[in-house]
Amino acid sequence: MLVFSACVKNRDFDEPELVCSDEDFSILSISELKNLYAGETVQIQEDWVVKGYVVSSDKSGNFFNILHFQDASSNPTKGLQIELELRDSHLFFDIGQTVFIKLKGLYLGQSNGLFKIGGVFTSFGNRSVGRLPNSVIFNHILVSCDPVENILPKSVSILELNESMVNTLVRIANVEFKEDELGKSFAVEKEETQRTLIDCDDNELILLNSGYSDFQAQIIPDKMGTATGVLTMDKNEFQLIIRTVDDLDFNKVRCEELIDEFTSNSIFISEIADPNNNAGARFLELYNSSNEALSLNGWTLVRYTNSSTEVSSSIDLSDYSINANGLIVISPNALEFETVYGFLPTITVGTNSPADSNGDDNIALIDPFGTVIDIFGVIGEDGSNTNHEFEDGKAERKIEVISGNTVFTESEWIIYNDTGNNGTVNLPQNAPLDFTPGVR
């Protein structure tokens, strides 16, 4: 049954009389259609029909000569686009409208990750999908007589985006424009312009805007919120295109920049080891005496070799954290450490690092703001034959110590070495029996 209706609204040009159709077509799914693509643009010769729900609109000028549709009004599995030589297509195809596309004579191809159907153009002997001429558009696209459906966007995060969602309508919550783009318009006049959406974990998504859209000159919002749009792809990079500015609902406070750099004297050096029988089993241990896990973002360990007043080596601890009342063990030789002590160290570093001292060096723990939180030894003083020598032995923090100390205090330590000078214990320590890495 064919029902004739004039669907174009108050336009000053000759418009075709659209036909809505209740015909019971044998439908080829969008997925089945895409499977026909074998690497090059092909013309469809069979009397196939594909069904879809319109999700794009050129009413605001952000889409041009293109129609996006998906295979369901909610929870779609595939989407597709058709190239059209037709301006103001929103006057003919409403968002949510069901369309039947007669495929015979159309071309199927792929460009920059996007599947598309339409007419054809040839460049240097290669065929590509182009715009379907205006004169035949309505021979191929039939509008269903069914009521317009309410399209429910698929709610996803930036990280959840995948190729099955391309050409479908998606909704992404808790995003905002990058800070360095604030104050700019949606697009440069008459130029296609990329703006960048970002979530609170710094994941990014391109928002593609036309320089001919009616919101081109509007300033992008400086709040956080939800972005709804048609997902597209260019050179394996996802892009979002909004239909109107109403697709952006940005009314929340922007993501606070995640700052986990802090200072705390609850983190301190609890043991430094220079085993008498195995230099490869050296290690340094840090302890967190607080009742909460603490990030080490921005923290460093530095070593002053012998009497040097200049830092000779350092360890960046930024990628690590310490559990509440927990320890981390740092080793310059993970393989030897595991062989000797039976488990892997928390952090593996190089030789000559702060975890590879031969017992007469000075070591400091520095917070993200450059402040010394804890120190072993006296900077500028070679440790040999002093109260901070641990050659062939170890320096072990007494159990009652629960915070770092910016000044080396001998009474906080039990120090073993091979001399016993200046109050230290003359008792060389052998691995593994005389050491307890990972145990406070």
Side-chain angles (χ1 to χ4, degrees), residues 27-37 41-42 44 48-60 62-84 86 89-90 92-103 106-119 128-132 137 140-141 143-144 148-156 158 160-172 192 194 197 205-210 227-244 247:
I27 300 297
L28 182 75
S29 72
I30 294 176
S31 181
E32 290 171 329
L33 176 61
K34 288 182 177 181
N35 288 338
L36 299 175
Y37 181 74
T41 300
V42 60
I44 301 168
W48 292 328
V49 174
V50 69
K51 176 183 177 181
Y53 297 82
V54 176
V55 293
S56 63
S57 170
D58 62 2
K59 187 173 184 178
S60 294
N62 211 33
F63 290 85
F64 181 71
N65 285 343
I66 195 168
L67 191 69
H68 295 263
F69 57 95
Q70 61 190 41
D71 61 7
S73 58
S74 61
N75 295 315
T77 60
K78 296 291 180 181
L80 195 60
Q81 65 184 58
I82 183 167
E83 307 282 311
L84 306 174
L86 178 67
S89 63
H90 67 279
F92 306 95
F93 310 111
D94 290 332
I95 293 174
Q97 198 159 46
T98 305
V99 291
F100 300 105
I101 300 177
K102 293 185 173 182
L103 296 171
L106 299 185
Y107 288 81
L108 169 69
Q110 187 183 43
S111 175
N112 293 324
L114 280 173
F115 280 95
K116 56 181 70 174
I117 54 176
S128 299
V129 175
R131 297 171 186 166
L132 190 63
I137 287 175
H140 286 279
I141 306 179
V143 176
S144 170
V148 171
E149 298 251 2
N150 181 29
I151 300 295
L152 299 178
K154 186 176 183 65
S155 295
V156 292
I158 293 177
E160 291 172 330
L161 295 174
N162 62 68
E163 291 188 18
S164 71
M165 301 175 191
V166 171
N167 286 317
T168 71
L169 195 67
V170 299
R171 175 171 291 157
I172 304 172
E192 189 174 70
Q194 293 183 352
L197 295 173
L205 174 64
I206 295 298
L207 184 74
L208 191 63
N209 302 308
S210 170
T228 301
V230 177
L231 186 68
T232 65
M233 178 178 283
D234 184 37
K235 297 177 181 178
N236 296 317
E237 183 177 41
F238 292 119
Q239 299 181 337
L240 192 71
I241 307 177
I242 59 176
R243 287 87 46 97
T244 72
D247 277 336

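Numbers here simply count residues along the sequence, with the first being 1.
Across every non-hydrogen atom of Tyr107 and Gly119, the tightest pair is CB-O, 3.6 Å. Taking all atoms of both residues into account, the shortest heavy-atom contact from Leu28 to Glu32 is CD1-OE1, 3.4 Å. Residues Leu103 and Leu33 approach most closely at CD1-CD1, 3.9 Å, considering heavy atoms. Here the closest non-hydrogen pair linking Ala227 and Leu197 is CB-CD1, 3.9 Å. Pairing each heavy atom of Thr41 with each of Tyr37, the nearest pair is N-CE1, 4.1 Å. Minimum interatomic distance between Ile95 and Val148 (heavy atoms only, all atoms of both residues): O-CG1, 3.1 Å.
For Lys34 (side chain) and Gly79 (main-chain N/O), a donor-acceptor pair under 3.5 Å exists by modelled atom type. Using a distance-only test at 3.5 Å, with no hydrogens or angles considered, a donor-acceptor pair links the side chain of Ser56 to the main chain of His68. Under the 3.5 Å distance criterion, the side-chain polar atoms of Glu149 are left unmatched by any main-chain donor or acceptor of Ile151. A distance-only check finds a donor-acceptor pair linking the side chain of Gln70 to the backbone of Leu169 [under 3.5 Å].
Once rounded to the nearest 0.5 Å, the distance linking CG of Asp71 with CG of Asn167 reads 11.0 Å. Here Asp247 contributes atom CG and Ser57 contributes atom OG; the two are 9.5 Å apart, rounded to the nearest 0.5 Å. Atom CG of Leu208 sits about 9.0 Å away from atom CZ of Phe63, to the nearest 0.5 Å. To the nearest 0.5 Å, atom CD of residue Glu192 and atom CZ of residue Phe64 are 12.0 Å apart. Distance check, rounded to the nearest 0.5 Å: CG of Asp94 to OG of Ser89 gives 10.0 Å. Annotation: the span from Ile117 atom CD1 to Leu108 atom CG amounts to 7.5 Å, rounded to 0.5 Å.
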Working for side chain to side chain contact (heavy atoms under 4.5 Å, CB included), residues Leu106 and Ile82 = CA-CA 10 Å; Leu106 299 185; Ile82 183 167; 4.3 Å; yes
Verdict with reasoning, Phe69 to Ile141, per side chain to side chain contact (heavy atoms under 4.5 Å, CB included) = CA-CA 12 Å; Phe69 57 95; Ile141 306 179; over 6 Å; no
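For the side chain to side chain contact (heavy atoms under 4.5 Å, CB included) test with Leu67, the passing option among Val55, Val54, Leu132 is Val54; the others fail.
With contacts defined as side-chain heavy-atom distances shorter than 4.5 Å, the pair Leu161/Ile172 qualifies. No side-chain heavy atom of Phe92 sits under 4.5 Å from any side-chain heavy atom of Leu84. No side-chain heavy atom of Phe115 sits less than 4.5 Å from a side-chain heavy atom of Lys78. Using a 4.5 Å cut-off on side-chain heavy atoms (C-beta onward), Lys154 and Thr168 make no contact.
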Throw together a table of side-chain donor-acceptor distances under 3.5 angstrom for residues 233-241, partners on residues two or more places apart or in other chains.
{"unit_1": "Asp234", "atom_1": "OD1", "unit_2": "Asn112", "atom_2": "ND2", "d": "3.1"}

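Residue pairs that meet the salt bridge (charged side-chain N to carboxylate O under 4.0 Å, His left out) test with at least one member in residues 48-59, sequence neighbours left out, do not exist here.
A donor-acceptor pair shorter than 3.5 Å can be found between the side chains of Arg171 and Thr228. Counted by atom type alone, Asn62 and Ser60 present zero donor-acceptor pairs between their side chains at under 3.5 Å.
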